[in-house]
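Take a look at the structure set out below.
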Amino acid sequence: MTDMIEVLLVEDDPGDVLMTEEAFADYKVANQLTVVADGESAMAYLRKEGEYADAPTPDLVLLDLNLPRMDGREVLGELKADPELRRIPVVVLTTSDAEEDILRSYNLHANAYVTKPVDFERFIEVVRKIDDFFVSVVRLPSR
């Protein structure tokens with residue numbers, strides 16, 4: 001039996017949040033999925049500030065690039081610059097397939113870059129594969 005992992009989804013699109021929750025809901029591993037809708041909330045969550053003081057440290061971050069208040073590129077840059085947070089794997093999960101976004105994300109030390117499929121079934125399949133990879137294949141650092 002695989003350990004449950006804590007996943008932080010940073011996503012402002014309610015439809016994409018719903019599809020990601022759907023992908024996690026009835027899948028074989030009951031991982032804990034927490035959702036925040038903007039970059040500032042993501043950083044507060046990761047730093048355990050304010051309302052997130054008791055938040056668990058996520059084992060994986062699924063990060064959209066196009067976010068209000070602080071975009072995903074800024075979140076990625078701050079997260080990877082922080083010695084306490086940089087070891088958390090970050091998968092950029094975004095609609096952008098622009099080469100500059102891909103390059104910039106990897107330059108900011110994203111662990112993977114995945115373009116969101118627009119098709120519902122394909123989206124769920126992609127999220128499950130990410131989940132499966134980080135639960136079954138990858139060895140994550142202990143919290």
Side-chain angles (χ1 to χ4, degrees), residues 1-48 51-52 54-143:
M1 175 87 186
T2 312
D3 292 335
M4 183 180 83
I5 67 168
E6 295 281 343
V7 180
L8 176 64
L9 173 64
V10 187
E11 174 61 69
D12 65 316
D13 182 310
D16 288 352
V17 169
L18 196 61
M19 285 195 291
T20 306
E21 288 172 340
E22 179 84 18
F24 272 73
D26 56 2
Y27 198 41
K28 65 182 184 219
V29 179
N31 291 331
Q32 180 61 45
L33 180 69
T34 303
V35 180
V36 295
D38 64 73
E40 286 182 8
S41 296
M43 291 312 301
Y45 184 95
L46 290 162
R47 292 182 174 138
K48 301 178 188 304
E51 67 182 288
Y52 304 110
D54 297 325
T57 300
D59 297 298
L60 174 66
V61 175
L62 300 178
L63 178 66
D64 186 24
L65 289 183
N66 304 308
L67 297 166
R69 297 175 67 203
M70 175 187 212
D71 80 9
R73 296 157 197 86
E74 294 172 283
V75 171
L76 187 56
E78 279 196 31
L79 192 154
K80 292 300 183 176
D82 186 319
E84 296 297 312
L85 302 174
R86 70 170 56 132
R87 72 178 64 89
I88 301 169
V90 177
V91 174
V92 173
L93 184 61
T94 188
T95 53
S96 172
D97 62 358
E99 189 62 33
E100 65 193 68
D101 283 335
I102 297 167
L103 190 58
R104 185 159 176 217
S105 294
Y106 282 117
N107 283 340
L108 290 169
H109 306 288
N111 297 83
Y113 190 101
V114 178
T115 304
K116 291 178 193 168
V118 287
D119 171 72
F120 176 74
E121 291 301 320
R122 183 86 181 98
F123 184 95
I124 288 194
E125 183 184 332
V126 165
V127 171
R128 285 181 176 169
K129 283 182 177 177
I130 293 167
D131 182 51
D132 190 48
F133 180 72
F134 280 94
V135 171
S136 305
V137 179
V138 173
R139 177 101 193 264
L140 296 170
S142 49
R143 285 182 224 142

Side chain to side chain, [X] and [Y], heavy atoms closer than 4.5 Å:
| X | Y | value |
| --- | --- | --- |
| Glu99 | Arg104 | no |
| Phe120 | Glu22 | yes |
| Val10 | Tyr45 | no |

Output for pair (Asp119 CG, Met19 CE), nearest 0.5 Å, gives 9.0 Å
Should the pair Lys116-Asp16 be classified as a salt bridge under the 4.0 Å nitrogen-to-oxygen rule?
yes
Between Arg128 and Glu125, is there a side-chain N and carboxylate O pair less than 4.0 Å apart?
no
Provide the closest heavy-atom pair for Pro117 versus Phe123 in the form atom of the first, atom of the second, distance.
O-CD1, 3.6 Å
Return the set of residues passing salt bridge (charged side-chain N to carboxylate O under 4.0 Å, His left out) with Arg86 (not counting sequence neighbours), or none when no residue passes.
none
List for me each residue that meets salt bridge (charged side-chain N to carboxylate O under 4.0 Å, His left out) alongside Asp12, sequence neighbours excluded, and say none if there are none.
none
State whether the side chain of Tyr106 and the backbone N or O of Tyr113 hold a donor-acceptor pair below 3.5 Å, judged by distance alone.
yes
Strictly distance-based, threshold 3.5 Å: is any side-chain N or O of Asp101 a donor or acceptor partner for the main-chain N or O of Ser96?
no
Is a donor from one side chain sitting under 3.5 angstrom from an acceptor on the other, for Asn107 and Lys80?
no
Which donor-acceptor pairs under 3.5 Å do the side chains of residues 60-72 make with protein atoms, sequence neighbours left out?
unit_1	atom_1	unit_2	atom_2	d
Asp64	OD1	Thr94	OG1	3.2
Arg69	NE	Glu40	OE1	3.1
Arg69	NH1	Asp38	OD1	3.3
Arg69	NH1	Asp38	OD2	3.0
Arg69	NH2	Glu40	OE1	2.5
Asp71	OD1	Arg73	N	3.0
Asp71	OD1	Glu74	N	2.9
Asp71	OD2	Arg73	NH1	3.1

